[in-house]
Asker: 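Quick one: structure below, then a few questions.
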Amino acid sequence: MTSRTCPCGLPGTYDDCCGRLHRGTAGAPTAEALMRSRYSAFVRGDAGYLLRTWHPRTRPERLELDPRMRWTGLEILDSTDGSAFHTTGTVTFRACYRGGSLHERSRFERVNGAWVYVDGDFLD
């Protein structure tokens, strides 16, 4: 087990946090948890996880990640619905990378009981 902290910003190690989701030994209980795990997948270059957690109707055929991209932090700004009692949810976040940041409101839905990323709107 690694002692490295999880890139998603929550306390705990990667293995105990997003690593469980990436390995498929746990599912994201909320839309925010899925969003955090997807951020961690971008940090770690895990395109397979990103594709597996993308809604089938909006998922690209393949995903090419830039190995030079260095993600430096995640801030959750807002979250609407997306709990165990919902079928949809949104998460507004800012993901920082070396040289800038990405501000997005992402939409999530449940497909066969599992949270998946649908799409998002870039914000100023």
Asker: Would you tabulate the side-chain donor-acceptor contacts of residues 89-97 under 3.5 Å, counting partners in other chains and residues two or more places apart, or write 'none'?
Answerer:
none

Asker: Could you report the tightest heavy-atom contact between G82 and H86, atom names first, then the distance?
Answerer: N-ND1, 3.4 Å

Asker: Output all residues satisfying side chain to side chain contact (heavy atoms under 4.5 Å, CB included) with S40, sequence neighbours left out; order by chain, then residue number.
Answerer: C6, P7, C8, C18, H22

Asker: Is the closest side-chain heavy-atom distance between L51 and P60 below 4.5 Å?
Answerer: yes

Asker: Under the 4.5 Å side-chain heavy-atom rule for ILVMFWY, direct or indirect, which residues accompany V111?
Answerer: V116

Asker: Are F108 and L63 linked, directly or through other ILVMFWY residues, by side chains that come within less than 4.5 angstrom of each other?
Answerer: yes

Asker: Using the test side chain to side chain contact (heavy atoms under 4.5 Å, CB included), find all partners of F85 that sit at least two apart in sequence or belong to another chain.
Answerer: S83

Asker: Once salt bridge (charged side-chain N to carboxylate O under 4.0 Å, His left out) is applied, what residue pairs with a partner in residues 82-91 remain, sequence neighbours excluded?
Answerer: none

Asker: Residues two or more places apart in sequence or in another chain: which of them pass side chain to side chain donor-acceptor pair (under 3.5 Å) with T72?
Answerer: none

Asker: Are L65 and M35 linked, directly or through other ILVMFWY residues, by side chains that come within less than 4.5 angstrom of each other?
Answerer: yes

Asker: With the 4.5 Å side-chain cut-off for hydrophobic clustering, are I76 and L123 part of the same group?
Answerer: no

Asker: Would you compute the distance between atom CG of L10 and atom CG of L74 and round it to the nearest 0.5 angstrom?
Answerer: 8.5 Å

Asker: Applying side chain to side chain contact (heavy atoms under 4.5 Å, CB included), can you list everything that pairs with A26, at least two apart in sequence or on another chain?
Answerer: R20, L21

Asker: Show, in sequence, the C-alpha distance, side-chain angles and deciding distance for V118 and R57, and conclude whether the side chain to side chain contact (heavy atoms under 4.5 Å, CB included) test is met.
Answerer: CA-CA 8 Å; V118 178; R57 79 170 181 265; 3.7 Å; yes

Asker: Applying side-chain hydrogen bond (donor to acceptor under 3.5 Å, both in side chains), which residue pairs with at least one partner in residues 28-37 are found, sequence neighbours left out?
Answerer: E32-R36, S37-Y49

Asker: Between R107 (side chain only) and T88 (backbone N and O only), is there a donor and an acceptor less than 3.5 Å apart?
Answerer: no

Asker: Partners of R52 by side chain to side chain donor-acceptor pair (under 3.5 Å), sequence neighbours excluded?
Answerer: none

Asker: Report the residues that fulfil salt bridge (charged side-chain N to carboxylate O under 4.0 Å, His left out) with E64, sequence neighbours left out, ordered by chain and then residue number.
Answerer: R62

Asker: I'd like to know whether CZ of R105 has more than 12 heavy-atom contacts from other residues, nucleotides or ligands below 6.0 angstrom.
Answerer: no

Asker: Could you tell me if the side chain of R23 sits less than 4.5 Å from the side chain of D15, heavy atoms only?
Answerer: yes

Asker: Under 3.5 Å, side chain of R98 to main-chain N/O of R70, donor-acceptor pair present?
Answerer: no

Asker: Does R38 count as lying over the ring of W54, i.e. NZ or CZ under 6.0 Å from the six-ring centre, within 45 degrees of the axis?
Answerer: yes

Asker: Calculate, to the nearest 0.5 Å, the distance between atoms CD and CZ belonging to E104 and F122 respectively.
Answerer: 5.0 Å

Asker: Restricting to side chain to side chain contact (heavy atoms under 4.5 Å, CB included), what partner residues turn up for P11, sequence neighbours left out?
Answerer: none

Asker: Partners of R68 by side chain to side chain donor-acceptor pair (under 3.5 Å), sequence neighbours excluded?
Answerer: D66

Asker: Measuring from atom CG of L102 to atom OH of Y39, what distance do you get when rounded to the nearest 0.5 angstrom?
Answerer: 10.5 Å

Asker: If I compare all heavy atoms of D78 with all of T80, which pair ends up nearest, and what's the gap?
Answerer: OD2-OG1, 3.8 Å

